[in-house]
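Notes follow once the structure below has been shown.
When a residue number appears, it is its place in the shown sequence, counting from 1.
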Amino acid sequence: MKPAGLSPAPTGRAAGARTLAVHLLAAAATALVLLWCIGFRGGLAFRSSNKQQIFNIHPPLMLIGFIVIGGEAILAYRVPLRSAASRDARKKAHMALHGAALALASVGIYAVFKYHAEADIPNLYSLHAWLGIATFALYAAQWLAGFLAFFFPGAKPETRRSAVPWHAVLGFVVFALAVGTAQLGFLEKMTFLQASPLRLVAKYGAEALLVNFTAIVVLLLGVAVVLATVDFDASRYDAE
């Protein structure tokens, strides 16, 4: 998913600050979701009598895969070009990062299906689940199309040039879907925990505040990735 064909890579101190903001927000989002799943929800495990531990694998892997690593893959195309070698290297990095994101998300999706099966919970009944499967399918299709067109076997140069804008825009769309789906996931999980007969999470308790804050950081991360990718060079436009 390469949103690089829309404009030249931004340069300068402001662009560097925006990129740094992405890295800081990505680190914060990762730390917060791990704190939630390990510190408040009991830890991570593929096999456990506590089925919640199986589910707990899902949020970190989906967030780290599609949003953190996916965002880094987008930014791989925002480094100013210095040589043809650097162009080839960042293309490979872009493809590899998105491949890693897909691998992590595949394990995350497997974990939630395993949790549902062992906890006797129906699958794919919520909007979060529907959008999650759609996002995964589009992400995989986008990666495969990019691999075939830009990497191997590679389309003709004129075909690649015409495909770049579409590939770029669809990459942003899929990334936005991933961020939106994550927001729905946080909301859905907290609703279940707060509305269950046992009321496992207080509405104004520490866990509820942590999850809400995590969701905000994830949203800000998505915005930061977009801002770090957009070219803000005003000299390219005619004021008249």
Side-chain angles (χ1 to χ4, degrees), residues 1 25-73 96-140 142-143 174-175 177-196 198 200-201 205-219 221-222 225:
M1 297 188 301
L25 287 167
T30 301
L32 288 170
V33 76
L34 288 174
L35 174 61
W36 175 41
C37 292
I38 297 174
F40 285 86
R41 293 285 92 214
L44 316 175
F46 269 115
R47 295 181 180 178
S48 175
S49 58
N50 179 3
K51 303 308 177 185
Q52 180 63 44
Q53 291 181 334
I54 300 174
F55 172 84
N56 290 346
I57 295 173
H58 176 72
L61 290 188
M62 302 308 293
L63 173 62
I64 295 170
F66 278 170
I67 300 176
V68 173
I69 297 180
E72 293 294 335
L97 286 169
H98 277 312
L102 269 174
L104 289 178
S106 297
V107 178
I109 289 178
Y110 167 76
V112 78
F113 274 98
K114 187 175 189 293
Y115 163 70
H116 280 201
E118 296 189 14
D120 195 26
I121 298 173
N123 291 310
L124 302 176
Y125 61 87
S126 68
L127 179 60
H128 169 68
W130 291 6
L131 289 180
I133 292 299
T135 301
F136 181 85
L138 288 172
Y139 204 111
Q142 177 82 341
W143 186 89
V174 176
F175 182 74
L177 277 174
V179 173
T181 302
Q183 301 299 307
L184 285 175
F186 288 125
L187 175 62
E188 180 180 300
K189 186 62 178 179
M190 289 309 298
T191 300
F192 286 159
L193 292 174
Q194 291 174 339
S196 68
L198 298 178
L200 300 175
V201 175
E207 183 173 353
L209 295 176
L210 172 66
V211 173
N212 286 347
F213 187 68
T214 302
I216 292 173
V217 171
V218 171
L219 180 61
L221 172 58
V225 169

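For the atom pair CZ (Phe213) and CG (Leu32), the distance works out to 6.5 Å, reported to the nearest 0.5 Å. In this structure, the separation between CG on Leu187 and CZ on Phe192 is 9.5 Å, given to the nearest 0.5 Å. One distance of note links CG of Leu221 with CD1 of Ile67; it measures 7.0 Å at 0.5 Å rounding. Here CG of Leu34 is found 10.0 Å from OG1 of Thr214. Values are rounded to the nearest 0.5 Å. The distance from the CZ atom of Phe40 to the CG atom of Leu35 is 5.5 Å, given to the nearest 0.5 Å. To the nearest 0.5 Å, the span separating CZ on Phe113 from CD on Glu118 amounts to 14.0 Å.
Of all the heavy atoms in Leu193 and Glu207, the pair that sits closest is CD1-OE2, 3.9 Å. Scanning all heavy atoms of the two residues, the minimum distance from Ala208 to Gln194 falls at CB-NE2, 3.5 Å. Contact record, Ala215 with Gln183: O-NE2, 3.0 Å, taken as the closest heavy-atom pair. Contact detail for Ala178 and Phe66: the closest heavy-atom pair is CB-CB, 4.0 Å. Nearest heavy-atom pair across Gly70 and Tyr139 is CA-OH, 3.6 Å. The heavy-atom pair separating Lys114 from Phe46 by the smallest distance is NZ-O, 2.7 Å.
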Would Phe186 and Val218 count as a side chain to side chain contact (heavy atoms under 4.5 Å, CB included) if you check the C-alpha gap in whole Å, the side-chain angles of each, and the deciding distance to 0.1 Å?
-> CA-CA 10 Å; Phe186 288 125; Val218 171; 4.1 Å; yes
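Between Thr181 and His128 the shortest side-chain heavy-atom distance falls below 4.5 Å.
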Name the atoms and distances for all side-chain donor-acceptor pairs under 3.5 Å in residues 54-64, with sequence neighbours left out.
| from | atom 1 | to | atom 2 | distance (Å) |
| --- | --- | --- | --- | --- |
| Asn56 | OD1 | Gln52 | NE2 | 2.7 |
| Asn56 | ND2 | Cys37 | O | 3.3 |
| Asn56 | ND2 | Arg41 | O | 3.0 |
| Asn56 | ND2 | Gly43 | O | 2.7 |
| Asn56 | ND2 | Gln52 | O | 3.3 |
| His58 | ND1 | Gly108 | O | 2.9 |

